[in-house]
Amino acid sequence: MPSERPSSFHRVLVIGGGNGGLSVAGRLRRQGVTDIVVIEPRTEHLYKPLFSYIAGGTARAKEVIRDQGAVTPKGVSWIRDAVTAIDPETSSVTLATGATVRYEHLIVCPGIQQDWDAVPGLAEAVSTPEVASNYTLDLAVKTSHLLQDVTRGTVVFAQPPGPASCAGAIQKPMYQACAYWRARGVLQDIRVVLVVPDATVYGVPEVDRELDRKIAEYGIELNTASTVAEVDAAARTVLVARSDGRRTRRLEYDALVIEPPQSAPDWLAATALADPSDERGFVEVDPRTLRHRRYPNVWALGDAAATTNSKSGGALRKQTMVLAKNLTAVLRGRRPSARYDGYGVCPFTVSRSTVVFAEFDDELRLQPSVPFWHGLVRERRLTWFLDRHVLPWVYWNLILQGRA
């Protein structure tokens with residue numbers, strides 16, 4: 001549908017037209033809530049879980065793009081604009097065009113900000129031919145071409161510390177590339193280095209065992225409790241620092257695929273909604289009800305919310321269910337009783353046709369969607385087919401409409 005001119009007041013205002021914003025709006029509409037408006041400046045909607053497949057050379061860019069108006073749920077209005085400020089005292093938001101929109105209830109889910117300037121030299125390096133990422137569509141395409149052309153040398157994959165959107169996703173193109181290089185007979189000539197900030201490759205013991213097995217299989221050099229502290233594009237080196245600060249070392253690279261540090265958008269961090277105890281500016285919410293602790297007509301979910309779960313698209317599905325139930329209850333004069341259980345998921349594509357389907361809670365305990373089937377975390381072709389082919393269809397046709 002075409003974007004609307006902003007009117008002065010709406011019953012439910014949703015900031016962000018991504019996965020979380022559209023799916024929670026769709027759920028609310030299906031539960032009988034009316035006058036729901038989504039504020040989103042982009043005209044194209046992107047299915048981000050496929051970015052890693054694009055970077056790994058097993059998906060095409062055109063598969064992830066749809067028209068924003070076409071995927072907005074029926075009965076939900078869309079204001080094509082960007083939010084620049086929120087005043088929770090007056091229950092109003094300010095838009096980039098200068099318009100002010102008031103709300104009865106506000107849902108904040110604008111996503112996360114990629115801080116390329118947080119690592120010295122990274123912003124400049126990512127514009128060079130040897131450095132890429134799979135966290136934006138254009139860089140995922142760049143990564144695909146970069147990795148396909150490698151036949152020898154050192155390739156570094158690096159993950160930052162702190163909360164990030166599907167932090168482990170930087171590993172996915174690495175495993176796909178290793179399988180590709182092995183099939184071409186050049187893997188033995190390539191030094192593959194993985195830098196992760198945690199004490200183990202992911203932090204969930206059952207997942208670590210599967211990933212450690214693939215790391216050994218491909219001969220990947222794993223650097224745990226480490227981060228990239230600096231990038232020198234001219235010298236093509238990275239400074240790898242131990243998380244405990246004990247030692248650093250310079251590492252030359254022929255290709256660098258890196259995930260930038262992340263935080264809440266600057267404009268959001270500057271509002272009264274930000275958690276005062278979190279310097280990254282995420283919205284302060286009860287992590288179970290997803291309601292703001294100080295402003296009861298404000299809710300947040302997804303990457304911008306200060307929840308305890310691992311940030312991921314899979315976590316959003318359960319969050320939208322809980323938030324929609326709780327907000328609907330409040331609109332009908334009842335207490336919110338639905339609880340988010342901290343579910344998170346990261347499907348690791350560990351070859352070009354298999355996935356390690358990692359599902360866990362916010363205490364890093366396995367939480368399989370199929371109850372008691374802990375074996376789902378093992379490398380399987382079935383979960384690859386689910387992740388690569390089934391879930392994209394479910395996303396476009398069911399999730400964004402609030403049906404799944």
Side-chain angles (χ1 to χ4, degrees), residues 1-3 14-26 38-73 76 78-83 107-116 126 132-145 164-170 172-173 176 257-260 262-265 268 301-305 311-317 319-320 345-347 349 386-404:
M1 68 179 68
S3 58
V14 182
I15 298 177
N19 180 349
L22 293 191
S23 55
V24 75
V38 173
I39 303 175
E40 171 56 55
R42 296 170 299 182
T43 59
E44 291 182 333
H45 187 99
L46 304 177
Y47 179 61
K48 294 181 179 180
L50 280 187
F51 284 12
S52 296
Y53 285 97
I54 293 169
T58 56
R60 295 172 294 177
K62 67 179 183 180
E63 295 180 63
V64 308
I65 304 172
R66 297 286 190 280
D67 178 77
Q68 183 71 21
V71 298
T72 299
V76 174
W78 168 34
I79 295 175
R80 186 188 167 194
D81 208 335
V83 175
I107 301 174
V108 184
C109 47
I112 206 163
Q113 173 177 276
Q114 294 164 354
D115 298 324
W116 296 98
V126 79
S133 181
N134 57 321
Y135 277 76
T136 65
L137 180 56
D138 59 332
L139 289 177
V141 173
K142 180 182 179 183
T143 299
S144 176
H145 296 309
S165 183
C166 201
I170 199 68
K172 300 179 187 182
Q176 293 175 79
V257 182
I258 188 167
E259 173 185 356
Q262 294 164 51
S263 63
L268 181 58
L301 75 161
D303 293 345
K311 298 179 184 297
S312 69
L316 272 175
R317 178 177 167 272
Q319 289 181 1
T320 60
V345 60
C346 186
T349 316
L386 173 71
D387 189 53
R388 176 63 183 86
H389 296 289
V390 176
L391 290 181
W393 185 93
V394 171
Y395 181 82
W396 294 120
N397 295 280
L398 300 177
I399 290 176
L400 292 183
Q401 302 303 312
R403 295 176 179 269

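When a residue number appears, it is its place in the shown sequence, counting from 1. Because only heavy atoms are used, hydrogens play no part in the values below, and waters and symmetry mates are left out as well, while side chains stay in. Since we're looking at a predicted model, the values are computed, not measured.
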Surrounding NZ of K311 (heavy atoms of other residues, nucleotides or ligands, distance under 6.0 Å), is the total greater than 12? yes
How about F51 and C166: do any of their side-chain heavy atoms sit closer than 4.5 Å? no
Parallel, tilted or perpendicular, as decided by the 30° and 60° cut-offs, for the rings of H45 and W396: perpendicular
Are any of the side-chain heavy atoms of Q114 and S165 separated by less than 4.5 Å? no
Might you point out which heavy atoms bring K142 and V126 nearest each other, and give the distance in Å? NZ-O, 2.8 Å
On a heavy-atom basis, the closest approach of Y135 and A167 is OH-O, 3.4 Å
Rounded to the nearest 0.5 Å, how far apart are CG of N397 and CZ of R403? 10.0 Å
Separation between CG of L46 and CD1 of I65, rounded to the nearest 0.5 Å: 6.0 Å
How many angstroms lie between CD1 in I170 and OG1 in T143, if you round to the nearest 0.5 Å? 7.0 Å
Heavy-atom pair with the smallest gap, counting every atom of A264 and L268: CB-CD2, 4.5 Å
If we ignore hydrogens and angles and just use 3.5 Å, is the side chain of Q176 paired with the main-chain N or O of S52 as donor and acceptor? yes
Side chain to side chain contact (heavy atoms under 4.5 Å, CB included) between I54 and V141, worked out: CA-CA 6 Å; I54 293 169; V141 173; 4.0 Å; yes
Which heavy atom in A55 sits nearest to a heavy atom in P173, and how many Å separate them? CB-CB, 3.8 Å
Here the pair of heavy atoms bringing K172 nearest to C346 is CE-SG, 3.9 Å
Applying salt bridge (charged side-chain N to carboxylate O under 4.0 Å, His left out) to R42 and E44, what does each step give before you reach the verdict? CA-CA 6 Å; R42 296 170 299 182; E44 291 182 333; over 6 Å; no
Spacing of OG1 belonging to T136 relative to NZ belonging to K48, to within rounding of 0.5 Å: 9.5 Å
Is a donor from one side chain sitting under 3.5 angstrom from an acceptor on the other, for D387 and Y53? yes
To the nearest 0.5 angstrom, please state how far the CG atom of L301 sits from the CD1 atom of I107. 7.0 Å
Whether the side chain of S133 engages the backbone of I258 through a donor-acceptor N/O pair (distance < 3.5 Å, no angle test) should be reported. yes
Taking the side chain from Q319 and the backbone from G302, do they hold a donor-acceptor pair closer than 3.5 Å? yes
Any chance you could lay out the side chain to side chain contact (heavy atoms under 4.5 Å, CB included) test for Y47 and L391, step after step, and finish with the verdict? CA-CA 10 Å; Y47 179 61; L391 290 181; 3.8 Å; yes
Side chains of L22 and Q68 in contact at under 4.5 Å (non-hydrogen atoms): yes
Measuring only between side-chain heavy atoms, which start at C-beta, is V108 closer than 4.5 Å to P110? yes
In Å and rounded to the nearest 0.5 Å, what is the CG to CG distance from L400 to N19? 6.0 Å
For D115 and S263, which I'm curious about, is there any donor-acceptor pair between the side chains at under 3.5 Å? yes
Ignoring hydrogens and angles, tell me if any N or O in the side chain of W116 forms a donor-acceptor pair with the backbone of P260 under 3.5 Å. no
Can you give me the closest heavy-atom contact between D303 and S312, atom names plus distance? OD1-N, 4.1 Å
